[in-house]
Amino acid sequence: MNQSDIDWRVLRNASILLLLALAFSGALIAGSMYYEDMMYARYQKEDARFKAISRKYLAVDQEEKLIKDDYPRFVEFYRQGIIGPEHRLNWLETLRAARDRLEIPDLRYQIDSREQFVPDYDVVSGPFELYATRMKLSLDMLHEGDLFSLLQVLDERAEGLYTVSRCHLKRLQKQVVLKADSKNLMAECELAWETIDLPGEEGIKL
Amino acid sequence: MTSSPRSSFEFLNRRALYLGASQGTVYQWGRNGLSSALVFDTDETGINAFARYMHDCPRSPMYLLVDLVEEEYHQESIPHVGGGDREALCERRMQRLFRGTRYVHAEFHGREPDGRKDDIVVFSAITNPDALHPWLRVLDATKTPLAGIYSVALLSEMLLPKLQAAAGAALLITLQSGSGMRQSFFQDGKLKISRLARLPRRGTVPYGPFLLDEVERIRLYLNSLRLLPVSQPLDVHIVVDEELAREMTPLCSDNELARFHLVTSTDLSSRLGIANIQPSLYSNNLYAHLLLAKKPKNQFANGKETRYFALERMRLGMLAASLVIVLAGAAWGGLGLMQALGYQQDRINASHKADFYQARYQSARARLPKTPVGAYDLKTAVQLVAQLHRHKQSPLPQMQIISQALGRFPALKVDAYTWVGSADPNASLEKGKTRQAEELARINPEVPYTYYQIGRLQGYLEPFDGNYRQALEMVNEFAEALRRFDDVVDVRIEELPLDVSSEARLTGAANDRPGSLPVAKFSLKIVLGVGHESV
């Protein structure tokens, strides 16, 4: 059959119907796909909301336990001046009291400003910053025991947490003189008073 | 003549136009076979009546069955070729054999057994196209789908298996009203030649002898054409009614040249599975039924003549496709809709559950005490403080070790002691300075510690009598005593009372007296490990 033999009038209505069927079917499929996608997206959104809130709800129990276990210690560390602001006045008072009690012939101190510091070991600090305040102690002693007694007083009485960074001891005279106010040794030590706080000016406040 | 409203969905119904010399008969195919027949004369009046009928009736497919005298059959051999070459060869041969008609047909009957093994072809033609044209014009004008043009002779091949005449030489004789007596010769079930003879009106002559005379005549004709060897017997199958069968039975005696098989049309109809066929002398209905039941491939019509049939099939295909597309779209859409409704229900359930847990969560959170940071951050802070505590350092441990060791060496006096705490066992004791790596052999502890205390002890020997050997031994023993303590990672002698290495310069007097002797100084570096990494 040649092209010229085709009587399109015979196929006209069927062609129109076929096109309409394609259009209708296409519209049905497209519409159903669109609607299905839309419903699925809405479902996913609600499902994500449900999962998030159920995780948070389950985590509340855990949070309650953490607060029960750790908050009292947190508060204690805050009171001790390890978390939050440091207690400098207490340090000075403790040094003075120690000098008097231990009868250290000479005790001088220099306290620098608090600065951020990064320890030489790995830490997980979370949202907190680590701070250190350098305290230089220079003392003339009767014997080296004075130094350890001083550090022990700081351990017992001073509010905060310190670590000794370095120390230098030197004999001042060859012959040891065992008199109360003799200066047989001198010591120069650096202490780092460490605190934990939130960054920024506000810090932790209880 | 009957008429019915035109319908576009009549494709399942069909009709046959049986065209003889003097009349055309339209047979309608119904649920149980042939249902009705309308006869039209072949003159102008009949054609007009046919046109009116076709105009008024539903447009169902038409099968045109021709039974005319003007039919020719030629058996020829052509070289065996394939594809387009074969078609071209046949076309040329048919043009040569049948001039003036386009209603030609070729049937291939295998190949010659010997020689070149050429193809054996029977070419057939309707040599009087004018007999068809008036009918074809009506069909085209009414856009009737013409399925094809067929000849009774070629159609007869379908009867042979039912007559058990599919092998050997067979002659089939049938009588048609409006046409005459069709004599068709077959060899192994394939039509070789056919002719239509005029049939006298029933009752004017005895049909029995007449038919037998025609049989003899055609047998001689076949002999002359060498289609049938002279001595080969011929199976003659004659289809008649009961009455003629009874009349011819005593006349049809087999001989060495012919074997007669009388078959009634009723019997043949029943063999073909045709129900409700009226007993008849004529085989018109039988052929019409066969054609409409079997619907063989078109034999003589060209593409233009069958175009409405093709278009109708295309139209129905498009309608079917439309239906399938709509159903598929509806099914797909329906599934999608069901899925969407499922998602909607799931969304509602998830929303309810989320609201439920939201309320529970808020209630639970309200019960918690207020803290300056989150619960997990509280834990972090507490753990961090513990970690700072673990790394708190003091020179006391190292000084205690040194003091214990010095107890065994009263002659060793301490002049100065420098101490540093660090995570690096190779950290420098000089603040702000780092020693060059090549000046020191790096310390690599076998067991790593959390922290290290690095100290430098500077001292001298007193009393010293100038015995450097004894002094050196004492310092070395002191260093060794320190090394024996647990957790002492490294002890290095940085300065001996006398440097006796080959690189040093020595000065002094061999007769030095006590009091004028130089001081025997020494210096040691001690590294102490504190806490293991697993702590």
Side-chain angles (χ1 to χ4, degrees), chain A residues 1 5-7 10-11 14-15 17-18 21-22 24-25 28-29 31-33 35-36 39-40 42-43 46-47 49-50 53-54 56-57 60 63-64 66-67 70-71 73-74 77 82-83 120-121 123-128 148 151 161 163-171 194 196 204-206, chain B residues 143 303-304 307-308 310-311 314-315 318-319 321-322 325-326 328-330 332-333 336-337 339-340 343-344 346-347 350-351 353-354 357-358 360-361 364-365 368-369 371-372 375-382 384-385 387-388 391-396 415-424:
Chain A
M1 183 168 55
D5 295 336
I6 298 175
D7 187 345
V10 175
L11 299 176
S15 304
L17 197 63
L18 182 62
L22 281 168
F24 176 71
S25 189
L28 266 183
I29 292 171
S32 79
M33 285 175 68
Y35 187 58
E36 185 184 340
M39 286 294 118
Y40 183 65
R42 286 186 187 176
Y43 156 67
E46 282 304 316
D47 190 52
R49 186 169 80 92
F50 158 66
I53 196 62
S54 64
K56 282 165 84 172
Y57 174 68
V60 167
E63 283 184 42
E64 193 172 8
L66 283 173
I67 290 173
D70 294 325
Y71 191 50
R73 285 192 286 170
F74 184 92
F77 289 145
I82 303 174
I83 294 177
D120 53 3
Y121 47 89
V123 293
V124 176
S125 59
F128 303 103
F148 298 117
L151 293 178
L161 173 63
T163 184
V164 180
S165 302
R166 63 174 54 246
C167 260
H168 178 69
L169 283 74
K170 185 163 178 55
R171 187 188 292 274
E194 293 162 340
I196 298 165
I204 297 171
K205 285 184 177 54
L206 289 183
Chain B
K143 300 184 183 178
K304 188 171 177 182
R307 62 185 174 140
Y308 283 109
L311 286 174
M314 206 181 297
R315 189 183 73 87
M318 290 165 78
L319 291 175
S322 301
I325 287 167
V326 167
W332 191 317
L337 180 65
Q339 188 74 9
Y343 286 141
Q344 188 181 30
D346 290 342
R347 178 186 68 80
S351 180
K353 284 194 288 191
Y357 278 106
Q358 179 72 31
R360 293 278 177 296
Y361 171 73
R365 277 217 67 88
L368 294 178
T371 55
Y376 290 93
D377 293 335
L378 290 178
K379 188 179 179 68
T380 300
V382 167
L384 192 51
V385 171
Q387 200 172 7
L388 292 175
H391 286 85
K392 179 183 165 66
Q393 297 297 320
S394 157
L396 181 60
D415 194 23
Y417 173 66
T418 306
W419 177 96
V420 157
S422 174
D424 180 12

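Each chain gets a letter, A, B and so on, in the order the sequences are listed, and its residues count up from 1. The figures that follow rest on heavy atoms only: side chains count, while hydrogens, waters and symmetry mates do not.
- Under a cut-off of 6.0 angstrom, the local environment of CZ in A/Phe148 is crowded, with over 12 non-hydrogen atoms contributed by other residues, nucleotides or ligands.
- Proximity to chain B involves both the backbone and the side chain of A/Leu18, based on heavy atoms less than 4.5 angstrom apart.
- At distances below 3.5 Å, not a single donor-acceptor pair connects side-chain atoms of A/Ser25 with backbone N or O atoms of A/Leu22.
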What verdict does the side chain to side chain contact (heavy atoms under 4.5 Å, CB included) test give for B/Lys304 and B/Arg307, after you've listed the backbone C-alpha separation in whole Å, the side-chain angles of each residue and the deciding distance to 0.1 Å? CA-CA 5 Å; B/Lys304 188 171 177 182; B/Arg307 62 185 174 140; 4.3 Å; yes
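- Taking both residues in full, the closest heavy atoms of A/Val124 and B/Leu384 are given as O-CD1, 4.0 Å, listed atom of the first, atom of the second, then distance.
- Most heavy-atom pairs under 4.5 Å with chain A: of the set B/Val326, B/Asp415, B/Asp424, this distinction falls to B/Asp415.
- For the side chain to side chain contact (heavy atoms under 4.5 Å, CB included) test, no residue two or more places apart in sequence or in another chain qualifies with B/Ala328.
- Heavy atoms of B/Leu368 lying under 4.5 Å from chain A belong exclusively to its side chain.
- With a 4.5 angstrom heavy-atom cutoff, A/Tyr35 touches chain B via backbone and side-chain atoms both.
- Contact of A/Phe74 with chain B is made through backbone and side chain together, with heavy-atom distances under 4.5 Å.
- Contact annotation for A/Ser165: only backbone heavy atoms (N, CA, C, O) come within less than 4.5 Å of a heavy atom of chain B.
- Looking only at heavy-atom pairs under 4.5 Å with chain B, the residue among A/Ser15, A/Ser32, A/Gly31 that has the most is A/Ser32.
- Between chain A and the options B/Leu388, B/Thr380, B/Leu337, heavy-atom pairs under 4.5 Å are most frequent for B/Leu388.
- Of all the listed residues (A/Val123, A/Leu206, A/Asp120), the one sharing the greatest number of non-hydrogen pairs under 4.5 Å with chain B is A/Asp120.
- In terms of heavy-atom pairs under 4.5 Å with chain A, the best-connected choice from B/Ser422, B/Ala340, B/Ala321 is B/Ala340.
- The candidate from A/Asp7, A/Ile83, A/Asp47 with the greatest count of non-hydrogen atom pairs under 4.5 Å with chain B is A/Asp7.
- The closest side-chain heavy-atom distance from A/Thr163 to B/His391 is not below 4.5 Å.
- Both the backbone and the side chain of A/Leu11 come within contact range of chain B, judged by heavy atoms closer than 4.5 Å.
- A salt bridge links A/Glu63 with B/Arg365: at least one charged nitrogen is closer than 4.0 Å to a carboxylate oxygen.
- Looking at A/Tyr40, both its backbone and its side chain come within 4.5 Å of chain B, counting heavy atoms on both sides.
- Within the 4.5 Å cutoff, no side-chain heavy atoms of A/Phe77 are placed close to those of A/Leu161.
- Ring orientation note: the planes of B/Tyr357 and A/Phe50 are tilted relative to one another, at an angle of 30° to 60°.
- Within the 4.5 angstrom heavy-atom criterion, only side-chain atoms of A/Leu151, from C-beta onward, approach chain B.
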